[in-house]
Visitor: 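Here it is, the structure, as structure tokens.
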Amino acid sequence: MGIRHKLLILLLLISLIPLLAVGVGIKRDLARLGEELAARSAAVLIRKAHSGLQRIVEDHARILRREKQLLESSALFMASKVEGIIYGHEHSATDQEFTATADEMRTAGEAYYFLHMHGRQNLDVDFDALETRPGSTAPPALDEAAVRDMLLPLMKRMKFRYPELVLWVDMTLADRMGITYPKSTSDRYMREPLYEAAPSRLPDRVVWSRPRTDARTRLLVFNVTAPIKDPAGKIRGEVTIVVPISALLHKSMHLDIYSDNAVSLVVIPEDGPAALGGRLKVIAQEQDQESMRDHWRTPESDTWLASGDAERYAMMMDTLRGASSGVTDMPHAGRDTLWAYAPVEPGGTSLVILVPKADVVAQAQTAKAFILGQIGNHDRRMGLTVLAVGLVVMYLAFFLSKLFTRKISSLANAVGRVAGGDFTARAEVRGNDEIERLGRAFNGMVPELKERMAIKNALEVAQQVQQSLLPAESPHFHGHDIAALSEYCFETGGDYFDFIPRRTGDGESLVVAVGDVSDHGIPSALMMASARAYIRSHAASDERLDVVVRRVNELISDDMHQTGRFMTLFLLELTGHGAVRWVRAGHDPALLYDPAGDRFEELAGGGLPLGVIRDAAFELREHPRLPPGRIIVIGTDGIWETTSPEGLMFGKERFKDVIRANRNADAAAMVRAMVAALNEFRGAAKKTDDMTVAVVKIPPATCALP
């Protein structure tokens with residue numbers, strides 16, 4: 001890559017990175033602002049919705065309780081008046097006359113119509129007449145006309161006192177007299193019964209029916225029924241006020257500030273498997289179309305109000321049983337929803353309002369979307385700015401770089417010639433700037449580089465020579481599986497291993513040698529080469545290993561006199577009849593591993609390192625016959641002194657773990673596993689010592705010599 005391109009990249013980095021960093025920071029801050037604003041706004045809206053919905057549902061429940069009490073009182077009042085008319089024991093005087101104005105009658109008449117698929121159909125009613133159900137007669141003691149004359153003003157007064165609450169007033173007297181007010185005069189609907197026949201068992205107190213559909217108007221209504229008693233207190237009939245459910249459950253306009261998708265429900269508790277605390281059955285639900293006269297409907301089949309959050313649902317049930325109201329967050333129909341609930345009567349009917357949480361926080365999401373839109377505008381402006389800056393930088397890089405690249409080109413040519421092996425090349429630069437100083441430094445560096453290249457070549461030759469001194473392949477000796485490896489931290493090192501076959505008085509044997517010369521580099525490599533020659537020359541004889549080591553020590557001591565260097569050595573001799581002998585000269589003991597019992601044993605013995613003192617004695621030790629399958633591992637301290645990037649040492653316990661984990665592998669695979677474990681442990685840390693390992697696996701019983 002040329003200087004122009006590098007200068008272009010440099011200028012782009014210098015100019016665009018701060019610009020992009022500022023742009024990205026602003027974008028990140030705006031995004032964070034949008035998220036925080038949306039989150040805080042949503043929290044405020046949810047908090048306000050909690051308090052607002054609780055007020056709304058409590059107000060609804062309070063109004064419903066008040067009107068419920070009013071209707072119950074009115075039903076009892078009507079029953080008392082009917083008792084006075086029929087049996088003469090009313091509790092208050094009865095006004096015989098009641099006259100509604102024409103406007104009152106016209107307004108009341110507008111409430112009687114029927115909606116169907118073809119539009120609105122008016123239902124004609126007569127507010128000055130009672131409708132007698134077919135087959136009913138007045139009590140024998142009273143004249144039917146007299147009863148009508150006394151009941152009409154009573155029922156008329158009830159209707160026009162509460163024109164929105166009262167749809168029909170009905171009286172049934174022991175299956176003898178059935179009267180309904182007002183009278184329906186429409187041809188079609190005169191044939192429709194007001195509702196199903198009353199049960200044979202009359203109520204002994206004021207009762208409310210479940211929501212049902214009025215047969216004539218198709219409205220969802222409640223029946224409020226009070227008993228009629230004779231002077232002896234025996235129940236003889238009932239008075240029923242038919243109340244449109246929409247007159248009781250007024251739609252709250254305040255819900256629109258939270259959501260257009262709010263749902264109002266009237267529920268009652270019932271036992272069920274949804275939760276241990278029971279469940280809520282829906283008896284009435286508000287419809288979406290407010291244009292219809294009756295925006296409440298009853299489910300066509302049994303419907304229960306459910307949620308996926310069983311714990312909060314049970315808490316809501318407990319709250320309702322305790323006659324308390326509240327607001328909670330629970331999923332409903334797969335959406336996060338606010339549930340506002342309040343009891344109308346303890347342990348009975350309750351009012352529940354469901355508001356989708358997404359609608360409540362819609363304003364917060366709108367604010368977030370606005371900020372995200374501003375981020376998009378910021379990105380476009382930033383893109384134009386980056387483009388303009390990039391064009392200016394390209395001009396500076398390509399048209400002004402010539403002023404800076406001439407001297408660099410001359411220096412680059414000289415460097416190229418040196419790289420090609422021409423150490424006579426020199427850079428021709430003039431001036432007094434940094435490039436000129438670099439040229440002078442380069443010209444002074446070339447002779448030194450030539451000298452260092454010569455040294456490097458010599459080191460490569462030394463490395464090749466030293467590698468050639470190590471065995472190229474593993475030996476084969478009476479079924480033993482043998483492998484070894486040395487790795488140096490520099491080009492050359494002081495570690496050493498060798499396989500030396502020889503013949504002694506008790507037959508053929510193989511000597512496995514592992515040594516470690518102190519320090520590293522060329523001096524250690526030279527000492528290792530001399531020691532190798534001494535060891536091979538003496539070990540090839542039939543002398544005992546301790547004698548061999550003593551003679552080698554004498555020679556090495558003469559070489560290392562007053563140098564402060566020394567060498568550790570471990571010689572292991574494998575015999576043809578299964579015996580194992582060894583001599584340890586200051587080296588770490590070899591490890592003898594029993595895979596069957598998972599036990600380690602050290603092959604120890606006395607002896608100083610070679611070269612410390614000339615007259616040193618060494619101890620020869622022997623295992624007469626090792627059991628089949630044993631593993632002998634000889635290593636140098638560069639293995640367990642390997643350090644990790646954190647400064648931890650590999651140690652002998654990890655070394656033993658590697659042996660244990662690879663006990664079923666062959667010797668070569670075990671050596672590779674050890675090297676891999678050391679490299680993984682070292683990681684990016686630098687090698688600080690040479691490493692050598694030799695593995696000898698005693699053949700199994702089927703291969704062992706007798």
Side-chain angles (χ1 to χ4, degrees), residues 470-471 473-487 495-499 510-516 568-574 578-584 586-605 621-623 625-644 648-683 685 687 689-704:
L470 299 177
E473 59 183 17
S474 299
H476 300 281
F477 183 77
H478 293 278
H480 292 76
D481 186 9
I482 305 172
L485 177 70
S486 284
E487 284 193 355
D495 273 16
Y496 156 73
F497 75 90
D498 203 352
F499 306 120
L510 178 70
V511 176
V512 179
V514 175
D516 182 5
T568 65
L569 178 66
F570 194 98
L571 293 183
L572 177 73
E573 184 176 15
L574 306 174
V580 176
R581 307 185 186 97
W582 69 91
V583 174
R584 173 175 165 262
H587 201 85
D588 284 276
L591 296 177
L592 175 62
Y593 178 57
D594 176 12
D598 191 24
R599 294 187 301 272
F600 282 93
E601 176 186 345
E602 289 189 345
L603 301 183
R621 291 198 176 186
E622 179 179 1
H623 263 298
R625 189 179 184 90
L626 283 179
R630 296 295 195 270
I631 302 173
I632 302 174
V633 182
I634 311 169
T636 59
D637 57 3
I639 297 175
W640 33 87
E641 292 180 3
T642 296
T643 56
S644 67
L648 300 176
M649 296 185 67
F650 189 76
K652 287 193 176 182
E653 290 305 318
R654 289 189 178 89
F655 185 55
K656 292 178 181 179
D657 290 340
V658 177
I659 297 173
R660 183 182 293 112
N662 295 273
R663 59 190 172 208
N664 295 324
D666 58 29
M670 184 176 289
V671 169
R672 291 194 297 270
M674 293 174 183
V675 174
L678 287 172
N679 291 335
E680 181 180 0
F681 182 79
R682 185 188 305 108
K687 284 185 179 181
D689 197 0
D690 305 330
M691 183 278 293
T692 297
V693 62
V695 175
V696 177
K697 301 191 73 173
I698 306 301
T702 56
C703 299

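Just so you know, these numbers use all the heavy atoms, side chains as well, and skip hydrogens, waters and symmetry mates.
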Visitor: Between CZ of Phe497 and CD1 of Ile634, what distance do you get to the nearest 0.5 Å?
Guide: 11.5 Å
Visitor: Determine the sole option in Leu470, Val511, Val512 for which the side chain to side chain contact (heavy atoms under 4.5 Å, CB included) test with Phe499 is passed.
Guide: Val512
Visitor: His476 side chain to Ile482 main-chain N or O, any donor-acceptor pair under 3.5 Å?
Guide: no
Visitor: Donor-acceptor pair, distance only, cut-off 3.5 Å: does the side chain of Thr636 make one with the backbone of Thr692?
Guide: yes
Visitor: Search all heavy atoms of Ala483 against all heavy atoms of Ser474 and return the closest pair with its distance.
Guide: CA-OG, 3.5 Å
Visitor: If a pair satisfies salt bridge (Lys or Arg N to Asp or Glu O under 4.0 Å) and one of its residues is in residues 587-598, list it, with sequence neighbours excluded.
Guide: Asp588-Lys652, Asp594-Arg599, Asp594-Arg630, Asp598-Arg660
Visitor: Hey, does Ile631 have a side-chain heavy atom less than 4.5 Å from the side chain of Val696?
Guide: no
Visitor: As an exercise, state the distance from CG of Asp516 to CG of Asp637, rounded to the nearest 0.5 Å.
Guide: 5.0 Å
Visitor: To the nearest 0.5 angstrom, please state how far the OG atom of Ser486 sits from the OH atom of Tyr496.
Guide: 10.0 Å
Visitor: Specify the closest pair of heavy atoms between Gly635 and His587, including all atoms of both residues, with the distance to one decimal.
Guide: O-NE2, 2.8 Å
Visitor: Would you mind reporting whether Glu602 and Leu591 have side-chain heavy atoms less than 4.5 Å apart?
Guide: yes
Visitor: Between Ile698 and Pro628, which heavy-atom pair has the shortest distance, and what is it?
Guide: CG2-CA, 4.2 Å
Visitor: So, Asp481 side chain and Ala667 main chain: donor-acceptor pair closer than 3.5 Å or not?
Guide: yes
Visitor: Checking Asn679 now: which residues fulfil side-chain hydrogen bond (donor to acceptor under 3.5 Å, both in side chains) with it, not counting sequence neighbours?
Guide: Arg682
Visitor: Where do His623 and Leu592 come nearest, in terms of heavy atoms and distance?
Guide: NE2-CD2, 4.0 Å
Visitor: Is there a donor-acceptor pair closer than 3.5 Å between any side-chain N or O of Trp640 and the backbone N or O of Glu653?
Guide: no
Visitor: Kindly state each residue pair satisfying salt bridge (Lys or Arg N to Asp or Glu O under 4.0 Å) with at least one member in residues 667-676, sequence neighbours excluded.
Guide: none
Visitor: According to side-chain hydrogen bond (donor to acceptor under 3.5 Å, both in side chains), who are the partners of Thr642, at least two apart in sequence or on a separate chain?
Guide: none
Visitor: Considering all heavy atoms of both residues, which atom of Ser644 and which atom of Ala685 are nearest to each other, and what is their separation?
Guide: C-CB, 4.2 Å
Visitor: Measuring from atom CG of Leu678 to atom CD1 of Ile639, what distance do you get when rounded to the nearest 0.5 angstrom?
Guide: 6.5 Å
Visitor: Using a 3.5 Å distance criterion without hydrogens, assess whether the side chain of Lys697 forms a donor-acceptor pair with backbone atoms of Ala665.
Guide: yes
Visitor: Contact between Val675 and Met691 at the side-chain level, heavy atoms closer than 4.5 Å - yes or no?
Guide: yes
Visitor: Kindly indicate whether the side chain of Ile632, heavy atoms from C-beta on, has any atom under 4.5 Å from the side chain of Trp582.
Guide: no
Visitor: Drop me the distance from Asp689's CG to Glu641's CD, to the nearest 0.5 angstrom.
Guide: 6.5 Å
Visitor: Check side-chain contact (heavy atoms from CB on, under 4.5 Å) between Thr643 and all other residues, then give those that pass, not counting sequence neighbours.
Guide: Met649
Visitor: Is there side-chain contact between Met674 and Ile659, with heavy atoms separated by less than 4.5 Å?
Guide: yes
Visitor: Between CZ of Arg584 and CG of Leu571, what distance do you get to the nearest 0.5 Å?
Guide: 13.0 Å
Visitor: Who pairs with Ala677 by side-chain contact (heavy atoms from CB on, under 4.5 Å), at least two apart in sequence or on another chain?
Guide: Phe650, Val658
